[in-house]
Amino acid sequence: MKSSRVGGLGLLVALAASSCARPAPIARPAPPPLDAMHRVIPIPVSVVASTGNSFVVGPATAIVVTPDEAEAIEIGRFLSDLIGTAAGPETPQVVGGEGTIPEGSIHLTLDAAAATGDEGYELEIAPNGVVIAAEQPAGLFYGVQTLRQLLPPFVEYDAVRLDAARSVGVPAVTIVDGPRFAWRGSMLDVARHFHSVDDVKRYLDLMALYKMNRLHLHLADDQGWRLEIASWPNLTTHGGSTEVGGGPGGYYTRADYADIVEYARRRFITIVPEIDMPGHTNAALASYAELNCDGVAPPLYTGTNVGFSTLCVDKDVTYRFIDDVVRELATLTPGDYIHIGGDEVERLSEAEYAAFIERAQAIVLRHGKQVIGWDEIAHAQLAPGTVVQHWRPRESPVPAIAQGAKIIASSADRTYLDMKYTPQTPLGLSWAGFIDVRTAYAWDPATLYDGIDDSSILGVEAPIWSETIAHLSDIERMAFPRLPAIAEIAWSPEDRRSYDDFSRRLGAQAPRWSALGVNYYRAPEILWER
Ligand code: TNX
């Protein structure tokens with residue numbers, strides 16, 4: 001009898017149960033049963049379960065949208081696509097309607113009287129119908145995401161749709177919900193390794209499920225320039241032609257970029273473009289000799305060092321270059337912000353650095369946008385409205401706040417999704433430590449540093465730097481399950497959050513991620529639902 005894997009009491013039990021059968025595998029405790037309500041991430045502000053029956057969704061369920069208005073209808077279509085039958089994407093029907101709402105329908109209503117704010121919603125599920133009410137379209141979209149998480153995970157399979165034999169129940173409940181922070185973001189570094197339009201769209205889809213609303217694209221660094229700039233074409237033809245490790249790199253044409261912006265808009269996500277400067281600029285310096293103080297273009301760079309490059313802060317052409325780039329970028333950017341980087345500059349004095357940031361800031365403001373920069377920019381005089389993205393764990397954000405800036409909380413030891421989970425994680429870096437699920441979740445932006453509170457925090461953002469992240473599957477592996485942790489910190493009230501409760505709801509995401517084909521990391525401390 002092979003029993004070496006079962007020791008102690010387990011061996012005795014196995015022997016007693018049968019003298020010839022192979023020992024039972026060591027049983028992991030089954031996850032406690034979760035009511036359907038206990039699947040929602042981020043946890044809503046208020047949830048009141050009803051004792052009544054559930055609402056049954058089937059192929060005949062109508063989705064009624066009032067008023068009959070394009071943006072709201074689009075949200076109805078999103079829901080209809082999710083629960084539509086295999087017979088056709090238009091069933092269940094989306095009806096733009098006024099007047100009476102038929103029994104048994106899902107009613108999405110834009111209603112100023114709902115008083116839900118810019119992104120909040122109310123979701124009421126009763127046996128005879130579902131109502132999602134919101135003041136603004138974003139709220140309707142988030143209400144739909146909550147309803148989606150209450151539907152069984154199989155609705156996420158492309159090939160499986162509701163049909164007569166497969167209708168599903170959602171629990172009767174009333175939810176009133178809205179975000180704590182306006183900025184609930186993630187960042188993709190498409191410079192160190194280029195990631196295609198389709199990969200970015202996939203990431204946007206996954207962000208939307210967790211009500212995240214900002215995707216920051218790190219579009220230029222030493223190893224690559226990834227956005228076509230018509231007035232400086234070498235940036236992409238030469239500067240975009242490689243990446244870390246020497247691969248072929250790539251770049252977004254203006255049309256590609258507009259496609260990403262529009263795809264994001266339909267998911268209520270704003271794209272925040274970053275052109276990192278004055279450091280992290282080797283790709284630009286390699287593309288145009290005149291941007292270098294000595295007039296000599298360096299070779300393209302495919303390593304992973306930081307801090308060695310800088311634009312020539314004394315040359316006028318540098319500021320004409322920035323002006324052209326920002327002008328073109330502003331026309332592609334519906335959002336309020338352009339991110340100018342500003343991190344890790346080792347080749348300038350503090351005075352040179354500060355003067356540069358102030359000139360770059362003025363250029364962005366002249367083109368009608370506000371500035372975001374990494375926390376080093378607080379060494380410069382910040383204009384009203386400039387936002388500081390706090391990333392260095394050992395630096396307090398208070399000096400930036402003292403200048404009147406709002407903060408995006410991105411402390412590297414909590415939010416950097418390119419940090420390894422454990423020493424065994426094959427991908428990623430570890431300079432800011434190992435970030436397991438508890439570390440990613442069990443902190444709060446208002447208490448991480450002394451001297452700050454919610455009023456100085458715009459929100460939370462989780463960057464994925466891509467020195468080691470070459471493929472979409474790598475992005476997914478590092479983002480899941482930690483991205484939902486960051487999403488909940490950014491959305492849910494602090495007093496609604498606890499790690500134990502979150503980890504149960506997290507475990508319940510597994511079947512949905514399997515249905516969506518997400519390459520998530522099965523963190524051993526989480527009881528993953530089958
Ligand atoms: C620091 S975070 C950087 C990036 C690296 C990252 C790797 C920041 C503003 N700068 O250039 O990619 O660490 O984790």
Side-chain angles (χ1 to χ4, degrees), residues 185-195 214 216-226 243-245 249 272-285 301-311 337-348 353 356-357 360 371-380 386-397 400 405 407-421 423 425-435 439-440 460-470 474-475 477-479 482-483 486:
S186 187
M187 187 207 83
L188 285 182
D189 172 4
V190 296
R192 269 57 175 274
H193 279 98
F194 181 63
H195 296 283
R214 299 285 186 278
H216 166 183
L217 292 177
H218 184 75
L219 289 167
D221 212 301
D222 292 316
Q223 299 85 348
W225 185 287
R226 307 301 181 202
E243 60 188 5
V244 167
V272 182
E274 176 187 355
I275 300 295
D276 203 345
M277 60 181 99
H280 291 276
T281 41
N282 190 76
L285 297 168
Y301 181 70
T302 60
T304 59
N305 289 339
V306 297
F308 62 89
S309 58
T310 181
L311 293 172
Y337 292 98
I338 288 181
H339 200 308
I340 60 168
D343 59 316
E344 297 178 317
V345 179
E346 291 170 10
R347 296 288 161 91
L348 299 177
Y353 173 81
F356 173 86
I357 293 295
V371 169
I372 306 177
W374 298 107
D375 59 46
E376 289 95 324
I377 69 162
H379 291 295
T386 291
V387 167
V388 170
Q389 184 161 15
H390 177 262
W391 70 280
R392 292 176 299 173
R394 279 192 282 275
E395 303 288 328
S396 164
I407 293 301
I408 297 170
S410 291
S411 191
D413 54 352
R414 299 290 184 165
T415 71
Y416 272 29
L417 302 180
D418 61 310
M419 291 302 122
K420 293 174 182 287
Y421 293 90
T425 308
L427 297 169
L429 307 175
S430 57
W431 66 264
F434 301 103
I435 304 183
T439 304
V460 188
E461 185 177 301
I464 307 185
W465 298 98
S466 68
E467 287 93 332
T468 66
I469 312 291
D474 303 342
I475 293 174
R477 192 78 173 175
M478 301 309 272
R482 294 180 293 194
L483 188 70
I486 301 299

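Read the numbers this way: they start at 1 and go in the same order the structure lists the ligands and their atoms. One-based numbering along the sequence shown.
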Which of the atoms in ligand 1, numbered in the order shown and given with their element, are less than 4.0 Å from a heavy-atom of [X]?
{"X": "Met419", "value": "14 (O)"}
{"X": "Tyr416", "value": "2 (S), 8 (C), 14 (O)"}
{"X": "Asp418", "value": "7 (C), 14 (O)"}
{"X": "His280", "value": "11 (O)"}
{"X": "Leu429", "value": "7 (C), 14 (O)"}
{"X": "Trp374", "value": "9 (C)"}

Nearest-neighbour protein heavy atom for [atom], which is reported as residue plus atom name and distance:
{"atom": "atom 5 (C) of ligand 1", "answer": "Glu467 OE2, 3.3 Å"}
{"atom": "atom 10 (N) of ligand 1", "answer": "Asp343 OD2, 2.9 Å"}
{"atom": "atom 1 (C) of ligand 1", "answer": "Glu344 OE2, 3.5 Å"}

Are any of the N/O atoms on Trp431, whether in the backbone or the side chain, positioned under 3.5 angstrom from an N/O atom of ligand 1?
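Right, the criterion is met.
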Over all heavy atoms of both residues, which pair between Ala479 and Tyr421 is shortest? Give the atoms and the distance, please.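 Between these two residues, the closest heavy atoms are N-OH, 4.3 Å.
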>> So that I know where these two stand, are Trp374 and His390 an aromatic pair - ring centroids less than 6.0 Å apart?
In response: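 For Trp374 and His390, the ring centres are not under 6.0 Å apart.
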>> With the threshold set at under 4.0 angstrom, would you say Arg192 reaches ligand 1 through any of its heavy atoms?
In response: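 Yes; Arg192 lies near enough to ligand 1 that a heavy-atom distance drops under 4.0 Å.
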Do you see a donor-acceptor pair shorter than 3.5 Å between the side chains of [X] and [Y]?
{"X": "His193", "Y": "Glu467", "result": "no"}
{"X": "Thr302", "Y": "Gln223", "result": "no"}
{"X": "Glu376", "Y": "Trp391", "result": "yes"}

Would you call Asp189-Arg192 a salt bridge at under 4.0 Å N-O?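 Yes.
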Exercise for the section: Mark yes or no: Arg347 above the aromatic ring of Phe308, with NZ or CZ under 6.0 Å from the six-membered ring centre and no more than 45 degrees from the axis. Expected result: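 No.
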Name the orientation class of the two ring planes belonging to Trp465 and Tyr416 (parallel below 30°, tilted from 30 to 60°, perpendicular beyond 60°).
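Ring orientation of Trp465 relative to Tyr416: tilted.
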